[in-house]
Structures are given as C-alpha cells and as structure tokens.
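Okay, so here's the structure we're looking at.
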Amino acid sequence: MKKILLSLCLMLTALVVSAGAQFHTSESARKAGERMGRGDRAGALAVLDQAIEQRKDLHEAYAMRAHLRASMGDLDGAIADYGEAIKITPNDVDLYDQRAMFRLFKRDSAGALQDYDAAIAHGLKTEKVYARRAMIKQDTGDIEGAIMDYRTAVAINPKFISAHAGLASALERKGEPDAAITYLQDFLTRYEEERDGKLPSVKGATSTGVRTSVKREGVEKDGKQVYLEGGQTKMTFKGNTPEEIRNEMAKHEQRMNLAVAYMNLGRMYASKNDFGKALENYDKSFKISPDTPYLYQMRGEARIKLGDLQGAIADLSAAINFDTGAANIHHTKGLLLTLQGNDAEAEKEFALHLQTFPTAQANVNKTVEEAKKLRSQQTKP
C-alpha cells in the first residue's frame, strides 16, 4: 500500500507532504519525493534547490519546496515559494489556498484574506475556502461577513461540519449565545440521527508531537492577550491512489471537526452554567479525539463544578502530561495542586500564569475558591 504523511498544525492548517514519488509529474519532484519518503528532507531540499537554480520543473519545484520548507519551520520561505509558483501559474487556485494558510499561521490576516479572495475570484468556490475566509473575518471582527461566508459554505455542503461549528461560534461572538447553542445542538442531533450514533472511521494511524503556543502580537479580546494553540499531529493514511488518500484525509478532517464541534458545544453549555450538558458533550468529543489536552482541562473544570474531585484531578493530570507548552499550563498546574491540597506550590504556578495573563487575577481567585471548596467538601467526614 502506498502512504502519505499528513502533518496537522491543529486549529491552524494542514500541511501535506507526499512520500509517494509516483504521484508527482515532474522528474525533479519525483526525485525529491523519493528522498522525502526515506526521511531525507535535506536531500529533497537540495534536489528542489538545484531544479530551481537550473530553471527546471519550476511550478512543481516551487510548490513542493514550499511544503518542505514549511515542514522544516521556514514559513517565510514557504510563503515566498508559493508566490513564485503563483507567478508561473496564476490560475492554480490551490496555491492561493495553501499560501493563505501559512500567512494565517504568521498572523498575516490581511494577506491570508487577499489570498482567499483571489482563490474565490479564480473559481475555487469550495466550502473549505469560504469557511476559512469566514474564520479570518470573524477573527478580525467582521462578524456579519463571517456569518455570510459560513452560510455559503453550508449551502455548498450541508454536511461540512467545520462550517456549522464556525457559524455557531460567529453567532456566539455576535452576542447571541442561545442561538449559537440551539444551532449547533440541532445540527449535531441531526448528524447523530443520520448516522445512527456511529462516528466516521479513518484508515490510518496517528501520533501526537510537541505542542506550542504562539502569541498573537497586538491581538487582545476582552482585555486578554490571544494565543494560538498549536502543535503537530502526524498521521499516516493508506491508499492505492491519490483519490483514495484524499478521501481518507477528508474523513479524518470531518472526524476531527466533529470532535471540535462537540467540544465547543460543551464550552457553550458551560458558559451558561449547564455543566451536565457540558460534560455530556465533552465526553462525546473524547470518544472521537482522546488526545486533546485542552479538552481534558475543560472537562476537569466542569467536574469541579459538578463536585467530582477525583475526576477533576484525573483530567487535569492528563492535561499536564499531554501538554507542557500551552500558554495556560501554569493555570492548569495551579488548579491541580489546589485540588490536591498543595496550596503553596499552587500559588507559585498561578503567579507564573499571571505573568503571562496579568488581567486574569479575578479568574484565578474564583478558580482557587471553587477548588478549595470542593476539596473541603470531599474531606469532611
């Protein structure tokens, strides 16, 4: 069976690196693909560098080198290579889509929006492009524009989970939390009924790599600095043809978006103090994606509200074990230590958290109060 390796920057983008050289059309890309299949990224890069220097196979060489550079952490180089590929074939709409994702990772919202506009203008009017453009519009404050794009995405593909989850999020941002909950709950109920409760399956294996947080300079919401929670998950898909691989990738994407939808619905219920419903949806998300650190934290906090000390300790411990690079890791550690009765060490962790989030003192105080109350209730005879 042929294989392809997919590196997912969670919440941000998906980078696809083909190890099956037979899927490439040019000789340069085929040679580079063979080296990538052996794990020799430096050798693959040398092949593509030489092809570009000799002005050979330029379109595929630039596009493939962009993917390779991104996988090696050189996002600026990747964006530049996509620009060169676009100059050669300005009607290749996929290039705009791919460059937009990397620009978004670099926090260049304006550039990413321009690319999605160009992709749509050149005929790439897919649900994914409209949903991604909606996400940028929502992030930059154009809520009405985001809602319009999400609705367009849903109209193109009524089963596209990401657009439904995004629309609910936009309604929430618009100040309509009840409408957001109703919309997302109705969609997920229909989804469960249509599939008789079964989740989509994927032929492949996954492993989770290191997670990181990227500070979004100059971006604040409700007085708090915004961070992009990122990480890498490697997944190997099996298939005999590019089409089979794309189908498996699409199933995986739907599956992960479903997990996010349940997680978001749980968060919305928690914001309305309906922690029973929150826990119910967190559990559904876990059945799909059991390796999401932030989900453990949210379920742990819901369990505190529901008086489940041991469950909360288990979830927060798992969150810490999974994720040591998240921006709020010190808050999670402080909460866990408080539940365990180690107030002195908890104070140190909360102090570190406040260095990153200086406006979060009131939230920390409330968290500590609730944790101590639960701890006290559990220790009474």
Could you go through D108 and F102, starting from their C-alpha distance and side-chain angles, then the distance that decides it, and tell me whether this counts as side chain to side chain contact (heavy atoms under 4.5 Å, CB included)?
CA-CA 9 Å; D108 179 10; F102 292 117; over 6 Å; no

When rounded to the nearest 0.5 Å, the distance separating NE2 of H122 from CG of D92 is 10.0 Å

(Q) Using side-chain heavy atoms (C-beta onward) and a distance below 4.5 Å, is N328 in contact with Q297? (A) yes

Check the pair D115, D97 against side chain to side chain contact (heavy atoms under 4.5 Å, CB included), reporting the backbone distance first and the verdict last. CA-CA 7 Å; D115 275 339; D97 182 25; over 6 Å; no

Close side-chain approach of H67 to Q98, heavy-atom, < 4.5 Å: yes

Any donor-acceptor pair under 3.5 Å linking the side-chain atoms of Q361 with those of N365? yes

Residues A346 and G334: closest non-hydrogen pair is CB-O, 3.4 Å

Would a distance-only check, ignoring hydrogens and angles, find a side-chain to backbone donor-acceptor pair under 3.5 Å from T152 to M148? yes

In this structure, CG of N257 is separated from CE of M263 (nearest 0.5 Å) by 10.5 Å

Transitive ILVMFWY side-chain link I136 to I143, under 4.5 Å: yes

In this structure, CG of D283 is separated from NZ of K287 (nearest 0.5 Å) by 7.0 Å

*asked:* Is it the case that the ring center of Y262 lies less than 6.0 angstrom away from the ring center of F286?
replied: no

In this structure, CZ of R267 is separated from CG of L295 (nearest 0.5 Å) by 12.0 Å

Output for pair (D76 CG, R103 CZ), nearest 0.5 Å, gives 11.0 Å

Is any side-chain heavy atom of I320 closer than 4.5 Å to one of I329? yes

I'd like to know if F160 and L265 are part of one continuous hydrophobic network [Ile/Leu/Val/Met/Phe/Trp/Tyr, side-chain heavy atoms within less than 4.5 Å]. no

Determine whether I161 and F187 make a side-chain contact, defined as any pair of heavy atoms from C-beta on separated by less than 4.5 Å.
yes

Here the pair of heavy atoms bringing Y296 nearest to P290 is OH-O, 2.9 Å

Residue pairs meeting salt bridge (charged side-chain N to carboxylate O under 4.0 Å, His left out), one or both in residues 119-131, sequence neighbours left out, come to K128-E253

Find out if a path of hydrophobic residues (ILVMFWY) with successive side-chain heavy-atom gaps under 4.5 Å connects L188 to L279. no

Minimal heavy-atom distance between I313 and S317, with the atoms involved, is O-OG, 2.7 Å

Taking R41 for its side chain and S71 for its backbone only, find out whether a donor-acceptor pair lies under 3.5 Å. yes

Value for CG (L335) from NE2 (H330), rounded to nearest 0.5 Å, stands at 14.5 Å

*If you count the non-hydrogen atoms of other residues, nucleotides and ligands that lie under 6.0 Å from CD in E27, is the total more than 12?*
yes

- So does K373 pair up with E369, basic N to acidic O under 4.0 Å? no

Measuring only between side-chain heavy atoms, which start at C-beta, is Y130 closer than 4.5 Å to R151? no

Same cluster for V368 and L337 if Ile/Leu/Val/Met/Phe/Trp/Tyr side chains link at under 4.5 Å? no

Would you find a donor on one side and an acceptor on the other, under 3.5 Å apart, between the side chain of Q254 and the backbone of K159? yes

message = Salt bridge check, D57 against K31: does any charged N sit closer than 4.0 Å to a carboxylate O?
response = no

CA sep, side-chain torsions, deciding dist, call: L171, I147, side chain to side chain contact (heavy atoms under 4.5 Å, CB included) = CA-CA 8 Å; L171 289 171; I147 289 173; 4.2 Å; yes

Any Lys/Arg nitrogen of K348 or E345 sitting under 4.0 Å from an Asp/Glu carboxylate oxygen of the other? yes

Connected to I88, directly or through other members, by ILVMFWY side-chain contacts below 4.5 Å are I52, L58, Y62

In short, A261 meets A165 closest at the heavy-atom pair CB-CB, 4.2 Å

State whether the side chain of N281 and the backbone N or O of K277 hold a donor-acceptor pair below 3.5 Å, judged by distance alone. yes

Heavy-atom nearest pair, T338 first then A371, reads CG2-CB, 3.6 Å

Keeping the roles fixed (side chain from R133, backbone from D117), state whether a donor-acceptor pair exists under 3.5 Å.
no

R69/L48 under side chain to side chain contact (heavy atoms under 4.5 Å, CB included): CA gap, chis, key distance, verdict: CA-CA 11 Å; R69 280 180 159 179; L48 297 172; over 6 Å; no

(message) Between K284 and E280 (salt bridge meaning N to carboxylate O under 4.0 Å), is one present in this structure?
(response) yes

**Prompt:** Charged N to carboxylate O below 4.0 Å: is that the case for R65 and E84?
**Reply:** no

Of all heavy-atom pairs linking A112 and L104, the shortest is CB-N, 4.1 Å

Open item on the list: Given 3.5 Å as the limit, does a donor-acceptor pair link the side chain of S271 with the main chain of M268, or not?
Closed with: yes

Can you establish whether the number of heavy atoms outside Q185 located under 6.0 Å from its atom CD is more than 12? yes

Q) Should S289 and M256 count as side-chain neighbours, where that means a heavy-atom distance under 4.5 Å? A) yes

**Prompt:** Would you say the side chain of Y150 lies within less than 4.5 Å of the side chain of M135, judging by non-hydrogen atoms?
**Reply:** yes

Say whether L316 and L374 are linked into one hydrophobic cluster, either directly or through other cluster members, by side-chain heavy-atom distances under 4.5 angstrom. yes

Test side chain to side chain donor-acceptor pair (under 3.5 Å) applied to N264 and E172, step by step
CA-CA 11 Å; N264 282 344; E172 185 183 26; over 6 Å; no

Handout entry: Centroid-centroid under 6.0 Å between F350 and H331 rings
Key = yes

**Request:** Taking only Lys NZ, Arg NE, NH1 and NH2, and the carboxylate oxygens of Asp or Glu, determine whether R132 and D149 approach each other closer than 4.0 Å.
**Result:** no

Heavy-atom check, side chain of Q377 versus side chain of L309, under 4.5 Å | no

